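Remarks on the structure that follows.
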Amino acid sequence: GAGVSQSPSNKVTEKGKDVELRCDPISGHTALYWYRQSLGQGLEFLIYFQGNSAPDKSGLPSDRFSAERTGGSVSTLTIQRTQQEDSAVYLCASSSQGYGGEAFFGQGTRLTVV
Amino acid sequence: DQQVKQNSPSLSVQEGRISILNCDYTNSMFDYFLWYKKYPAEGPTFLISISSIKDKNEDGRFTVFLNKSAKHLSLHIVPSQPGDSAVYFCAASARISGTYKYIFGTGTRLKVLA
């Protein structure tokens with residue numbers, strides 16, 4: 001497909017386990033963002049990748065969260081030792097410009113930590 | 001520190017009438033603003049944007065107004081249709097600390113009544 005693809009669409013995990021969330025951005029988009037939306041909340045910025053520049057990790061809530069972007073394309077968000085407060089919808093977006101243009105979102109991964 | 005605020009969590013409007021969604025921001029460095037619409041279980045979809053050099057941008061039934069002195073923007077939908085019922089997020093963008101981020105508000109749930 002031509003849009004941003006995220007997998008899995010739903011993930012239920014036990015507290016303390018590690019999870020990996022995947023994002024396939026739109027081909028050719030140099031900017032990639034991760035956001036999360038907790039129940040009743042807005043979209044919380046997590047991390048931003050732009051080309052070969054060092055990522056902006058300022059939104060990651062703790063050192064249990066990390067993200068990689070391989071080959072300037074696919075990105076993986078990893079949450080170690082998951083906690084119940086990590087339960088949220090994790091959204092990935094990509095943009096062709098990184099600025100001054102719209103970001104296109106995937107459908108999100110709903111993470112539930114039990 | 002909520003840099004982008006949507007103070008109305010919900011709004012109900014009769015079909016055919018105008019819907020006005022409001023958004024306030026605090027950071028004067030923001031220079032590009034966007035509105036997204038989100039249906040349940042889907043990622044946000046881009047609706048309309050405006051650069052800070054303009055005060056109005058129109059696209060069909062959707063118009064965004066920007067008042068820089070008041071740090072306020074609004075989205076007008078006219079005429080409103082039942083299919084417009086969704087959560088609307090405003091977002092602001094600027095180069096902050098060397099990277100470009102989209103900062104989102106908490107959203108306004110619009111319900112258009114038939």
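Protein chains get the first letters and strands the later ones, always in sequence-line order, with residue 1 at the start of each. The structure displayed is predicted, hence computed values, not measured ones.
Summarising the local packing, CZ of A:R64 is surrounded by more than 12 heavy atoms from other residues, nucleotides or ligands at distances under 6.0 Å. The 12-atom threshold is exceeded at CD of B:Q81, counting heavy atoms of other residues, nucleotides or ligands nearer than 6.0 Å.
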Checklist line | Residues A:F105, B:Y36; criterion ring pair (Phe, Tyr, Trp, His ring centres under 6.0 Å); working and verdict | finding: CA-CA 10 Å; A:F105 282 84; B:Y36 282 82; 5.4 Å; yes

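Cluster annotation: B:F104 is connected to A:F45 through the hydrophobic network of ILVMFWY side chains, with a link wherever side-chain heavy atoms come within less than 4.5 Å. Under a hydrophobic-cluster definition in which Ile, Leu, Val, Met, Phe, Trp and Tyr are linked whenever side-chain heavy atoms come within less than 4.5 Å, directly or via other members, A:L77 and A:Y35 are assigned to different clusters. Cluster membership for B:V4 and B:L110, using ILVMFWY side-chain heavy atoms within less than 4.5 angstrom, is shared. Each of B:L34 and A:I26 belongs to its own hydrophobic cluster when Ile, Leu, Val, Met, Phe, Trp and Tyr are linked at side-chain heavy-atom distances under 4.5 angstrom. Using a 4.5 Å cut-off between side-chain heavy atoms of Ile, Leu, Val, Met, Phe, Trp and Tyr, with links allowed through other members, A:L60 and A:L32 fall into the same hydrophobic cluster.
By the 4.5 Å heavy-atom criterion applied to side chains, A:Q37 and B:F89 are counted as neighbours.
A distance of 13.0 Å separates CD of A:E44 from OG1 of B:T106, quoted to the nearest 0.5 Å.
Proximity to chain A at a heavy-atom threshold of 4.5 Å picks out B:K38, B:A41, B:E42, B:G43, B:P44, B:F46 from residues 37-71 of chain B, in numerical order. Scanning residues 78-91 of chain A against chain B with a 4.5 Å non-hydrogen threshold yields A:L91, sorted by number.
Proximity to chain B is limited to the side chain of A:S58, based on heavy atoms less than 4.5 angstrom apart.
Between the A:Y48 side chain and the B:Y102 main chain, no donor and acceptor come within less than 3.5 Å of each other.
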